[in-house]
Protein chains: 4
Amino acid sequence: MGEIEHGDTPGAPGTGRSASGRRVRADAQRNITAVLDAAKAVFAVSGVDAPVREIAARAGVGLGTIYRHFPQRSDLVVAVFQQEVDACADAAPVLAAEYEPDAALARWLRRYTGFIATKRGLAAALHSGDPAFEPLPAYFQQHLVPALGSLLESAAATGAIRADIAPYELLQAVANLCLPADSDHAQRMVDLLIDGLRYGAPGGRAT
Amino acid sequence: MGEIEHGDTPGAPGTGRSASGRRVRADAQRNITAVLDAAKAVFAVSGVDAPVREIAARAGVGLGTIYRHFPQRSDLVVAVFQQEVDACADAAPVLAAEYEPDAALARWLRRYTGFIATKRGLAAALHSGDPAFEPLPAYFQQHLVPALGSLLESAAATGAIRADIAPYELLQAVANLCLPADSDHAQRMVDLLIDGLRYGAPGGRAT
Amino acid sequence: MGEIEHGDTPGAPGTGRSASGRRVRADAQRNITAVLDAAKAVFAVSGVDAPVREIAARAGVGLGTIYRHFPQRSDLVVAVFQQEVDACADAAPVLAAEYEPDAALARWLRRYTGFIATKRGLAAALHSGDPAFEPLPAYFQQHLVPALGSLLESAAATGAIRADIAPYELLQAVANLCLPADSDHAQRMVDLLIDGLRYGAPGGRAT
Amino acid sequence: MGEIEHGDTPGAPGTGRSASGRRVRADAQRNITAVLDAAKAVFAVSGVDAPVREIAARAGVGLGTIYRHFPQRSDLVVAVFQQEVDACADAAPVLAAEYEPDAALARWLRRYTGFIATKRGLAAALHSGDPAFEPLPAYFQQHLVPALGSLLESAAATGAIRADIAPYELLQAVANLCLPADSDHAQRMVDLLIDGLRYGAPGGRAT
DNA sequence: CATGAATGAGGGTTCATTCAT
DNA sequence: GATGAATGAACCCTCATTCAT
C-alpha cells in the first residue's frame with residue numbers, strides 16, 4: 001500500500017501488471033491512469049451516468065482504449081470506486097502515525113468525506129440492480145472498516161470519544177452524506193445528529 | 001399553504017387555475033393530479049431519470065397529456081419536488097399544534113426524512129447544469145427553512161436543544177442522509193456527527 | 001389466408017390490429033407495411049445483417065418507427081420471414097385450383113424458389129444461437145409442409161411422381177438448393193430434382 | 001497441385017516464397033500455416049464473420065502477424081477458401097485411381113460435401129459486393145470444374161450416369177444443397193440428385 | 001518481425017420531444 | 001383536449017485496421 005494506484009484484485013487495471021503477470025506496457029499503463037483520472041473527474045462533475053465518450057475525450061484517448069481496459073461501462077465505475085477506496089484506506093495508517101488519536105480520526109473522516117463527495121449518482125447505480133455493482137459494498141466494507149476501526153479504537157482508548165459506535169455504522173453515516181440509505185439506518189443517523197444537537201444544550205446532560 | 005396542491009408560481013400546473021385565470025377543466029385537473037402522483041411514485045422507485053413513458057403508463061394517460069401540462073421533462077421533476085416540499089412544510093404547524101416542541105421537532109425531522117428518501121437521482125439532476133433545476137434549492141429553502149425554523153425556535157426556547165444550529169444547515173444535513181452535498185457543508189455536518197459521538201463519552205463535557 | 005399481409009400470431013405487426021384488439025392507426029399500418037417492404041428488399045440485397053438504419057432510410061421512416069413496431073432487430077427478420085412464408089403457403093391452394101396436379105406442384109416449387117432466393121444470410125442467422133430465431137423453422141414447417149404436402153399427394157395420386165418423398169425433406173432440399181445461386185441456375189437444379197422425383201414413379205419413363 | 005499449400009497467385013501467403021522470390025523465413029511460414037489452420041477452424045465454427053481477434057487467439061499469434069500476411073480480413077477468407085478448394089481438387093485424381101468411375105464420383109461428391117459444410121456465411125460474403133471476393137467463384141470454377149469434369153466424363157463413358165450435366169452446375173447444386181442443413185439430410189438430397197442424374201442414363205433403369 | 005494497444009467508424013437501441021390523428 | 005406514432009440525437013459497445021513498442 002501507499003502508492004496512489006493499486007488494487008486488491010491481482011491484474012485489475014491500474015496495478016501495472018496484467019492478469020497473466022506479464023508487464024503492462026508503459027504507454028498502456030499511462031492510458032489506464034489517464035482514463036481512471038478522467039473518469040474520476042467526470043464522475044465527480046457529471047455523475048456516474050456520464051457518457052463514456054466524455055471520459056475518453058477528457059482522458060485524451062479513443063473510445064476503444066477505454067473498452068479495452070474496462071470492457072463494460074460499469075467496470076470503469078467499479079475501478080474508480082475501488083481505487084478511491086484504496087487510497088482512502090491507505091491514508092489511515094499514515095494519519096495515525098502523524099497525529100494524536102482523535103486528531104487522526106477527525107482528519108481521516110475529512111479525508112473520507114472528500115472521497116465520498118465525488119460519488120454523485122453512485123447510489124442510484126448501486127441500487128440499479130446491475131450485478132456488476134454488487135461487490136462494491138463488500139469492497140467498501142472490507143477496506144474501510146479496518147481502517148476506521150483502528151482509528152476509533154485508538155481514540156476510544158484515550159477516552160477522547162465514546163466507545164459504542166461501530167466503524168461500519170460511522171462509515172455509513174458519513175457515506176450517507178452522499179449515498180441514500182435504507183430508512184431504518186437513516187433514522188438512526190438522524191437520532192445521532194439529534195444527539196449532536198442536544199450536546200451542549202442548556203438542558204442537556206453529559207456522560 | 002394547506003391545500004394538497006399549490007405552487008409558488010401563479011399558473012403552474014396543480015393550481016387549479018390557468019395562467020389566464022380561466023378555470024382549468026375538471027378532467028384536465030384530474031389528469032394533472034394523476035400525472036404528479038404517478039411521477040412521484042415512479043421517481044421514488046426508479047429515480048428521477050425514469051422514462052416519461054413509464055410515468056404516462058402509470059398515470060393512465062397519453063404522453064401528449066404529460067407534455068401539455070409539463071412541456072419539459074424537467075418541469076415534471078420540478079413540480080413533483082415542489083409539491084412534496086409544500087406537503088412537508090405544511091406538516092410543521094400541524095405537528096407543532098399537536099406535540100411538545102422537541103417531540104414536534106423530532107417528528108417533523110422524520111417526516112422530512114421520508115420526503116428526502118424518495119429523491120434518488122435528484123441530486124445528480126440538481127448538479128446537471130440544467131437551468132430548469134436552478135430555482136429548486138431556493139424553493140426548498142424558502143419553504144422549509146421557516147417551517148423548521150419555528151420548530152427549532154420553540155424547542156430551543158424550552159431549553160431542550162442547543163440554539164446555535166441554523167435551520168438551513170440542519171435541513172441540508174438530514175437531506176444529505178440521502179443526497180450528495182457540497183464539501184464544505186458535508187464537513188460541518190461531519191463535525192456535528194463527531195459532536196454526537198463525543199456526547200456521552202467518558203471525557204466529554206456537558207453544557 | 002389470402003391477403004398479402006397476415007400473421008399467425010394475433011397482434012403481430014402487419015395484421016392491422018394491435019394485441020389489444022384496438023384498431024391500428026392507418027398511418028401506423030402504412031409505416032409497418034413500408035418497413036416490412038423495405039426490410040424485405042434490403043434483406044434480399046444486403047442480407048439479413050443489413051443495418052437497421054438502411055432499412056429505415058429505404059422505408060422513409062425514422063429509426064424509432066422501426067423499433068416501435070419491431071423492438072428487436074430480430075423481430076423484423078422474423079416478421080419478414082413469416083410474411084413471406086404466409087404468402088408462399090397461400091399460393092398452394094390457388095395453384096392447385098388452376099392447374100393439373102403435377103403442373104401445380106412444379107409451379108409452386110418455382111414460387112417457393114422465388115421466396116427462398118431472397119434469404120441471403122438467413123441460414124447463418126438461424127444458426128447464430130439467437131433465441132429469437134428458434135421458432136422460425138417450426139413456423140416454416142407448420143405452414144409450408146401442409147401446403148406442399150397436399151400438392152405432393154395430389155400429384156402422387158395421379159402417378160405423376162413417386163410417393164416416397166416427405167414434403168419437409170423436399171422443402172429443405174429446394175431451400176438449400178436456391179439460397180446462394182442466381183435464379184436461372186437454381187431453376188435448372190430444381191428441374192433436376194424434379195427429374196429425380198419422377199424417376200421411379202409408376203407413370204415415369206426410363207431412358 | 002499436390003502440395004498442401006499452394007495458391008494461384010505467385011507470392012500469395014502459403015506459397016513458401018515471397019513476391020520478391022526470396023525464401024520466406026521458416027518461422028513466418030509456420031505462422032502463416034497456423035493462421036490458416038486457425039481461420040479454417042474458426043470459420044467452420046463461427047462463420048466467416050468471426051472476429052479476426054478470435055483467429056489470432058486460436059493461432060497463438062498476435063493480430064499484427066495476421067495483418068502482415070493478410071492485409072485485409074477478406075484476404076484471409078480468400079486464402080482459406082482457396083486452400084480448401086485446392087485440397088478438394090487434389091482428391092479427385094486420387095479417388096479416380098482407387099475406385100471405379102461412378103464410385104469415385106460418388107466419393108468425391110461426398111468429399112466435396114464435407115468441404116462445403118464448413119462454409120457458413122461465405123455465400124453472404126460472396127454477395128456482399130466486396131471486390132476482394134470477386135475472384136473466388138472463378139477460382140472455385142477453375143479448380144473444381146476440371147476435377148469433377150474428369151470424374152463425370154469417366155462415369156458417363158461407362159454409361160453409369162447421364163452425360164448431359166455440366167460439372168459447374170452440379171458443383172453449384174451440391175454446394176447449395178449442403179450449406180445450411182445437417183449432414184444426414186444433405187446426404188439424402190445428394191442421393192436424390194444422383195438419382196436425378198441416373199435417370200435417363202443409357203445404363204439406368206426405370207420404375 | 002511480432003505483439004497487442006489504440007483508434008474510431010458504425011451498429012443496435014433508448015427515450016425526450018413533436019405533431020398528425 | 002387527449003392520444004400515441006414518429007423522429008432522431010445520443011448512448012453503449014464491437015471490431016477492422018493501424019502503428020508504437
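Chain naming here is simple, since letters A, B, ... match the order of the sequence lines and numbering starts at 1 in each.
For dC1(E), the OP1/OP2 oxygens have no side-chain nitrogen or oxygen of Asn31(D) closer than 4.0 Å. Here His69(A) reaches the OP1 or OP2 of dA6(E): one of its side-chain N or O atoms lies under 4.0 Å away.
At least one donor-acceptor pair under 3.5 Å links the side chain of Thr33(A) to the backbone N or O of Gln29(A). Between the side chain of Asp37(A) and the main chain of Ala34(A), no donor-acceptor pair closer than 3.5 Å is present.
In plain terms, the two heavy atoms of Asp49(A) and Arg73(A) that are nearest each other are C-NH2, 3.3 Å. Minimum interatomic distance between Ala41(D) and Arg58(D) (heavy atoms only, all atoms of both residues): CB-NH1, 3.3 Å.
Map Val61(B) and Pro51(A) each onto its nearest nucleotide of DNA chain F; the residue landing nearer the 5' end is Val61(B).
Here Phe133(A) contributes atom CZ and Phe81(A) contributes atom CZ; the two are 10.5 Å apart, rounded to the nearest 0.5 Å. How far CD1 of Ile32(D) is from CG of Leu76(D): 11.0 Å, rounded to the nearest 0.5 Å. Atom CG of Leu136(C) and atom CG of Leu122(C) lie 6.5 Å apart (nearest 0.5 Å). Once rounded to the nearest 0.5 Å, the distance linking NZ of Lys40(C) with CD1 of Ile55(C) reads 13.5 Å.
Ala59(C) comes within 4.0 angstrom of nothing in the nucleic acid, heavy atoms only. Here Ala56(A) lies out of heavy-atom contact (under 4.0 Å) with every strand.
Going from atom CD of Glu54(C) over to atom P of dG12(E) covers 10 Å, rounded to whole Å. Residue Phe70(A) contributes atom CZ, which lies 15 Å from atom P of dT14(F) at whole-angstrom precision. Rounded to a whole Å, the CZ atom of Arg68(D) is 6 Å from the P atom of dC1(E).
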For nucleotides 17-21 of chain E, tabulate all protein N/O to nucleotide N/O atom pairs closer than 3.5 Å, reporting atom names and distance.
residue	atom	partner	partner atom	Å
dT17(E)	OP1	Gln72(B)	OE1	3.2
dT17(E)	OP2	Tyr67(B)	OH	3.4
dT17(E)	OP2	Arg73(B)	N	2.9

- Item | Derivation of the side-chain contact (heavy atoms from CB on, under 4.5 Å) call for His69(A) and Val35(A) | CA-CA 9 Å; His69(A) 299 296; Val35(A) 166; 5.8 Å; no
- Symbol by symbol from the 5' end, with Watson-Crick or G-U pairs under 3.5 Å, [ ] crossing and | another strand, DNA chain F is .||||||||||||||||||||
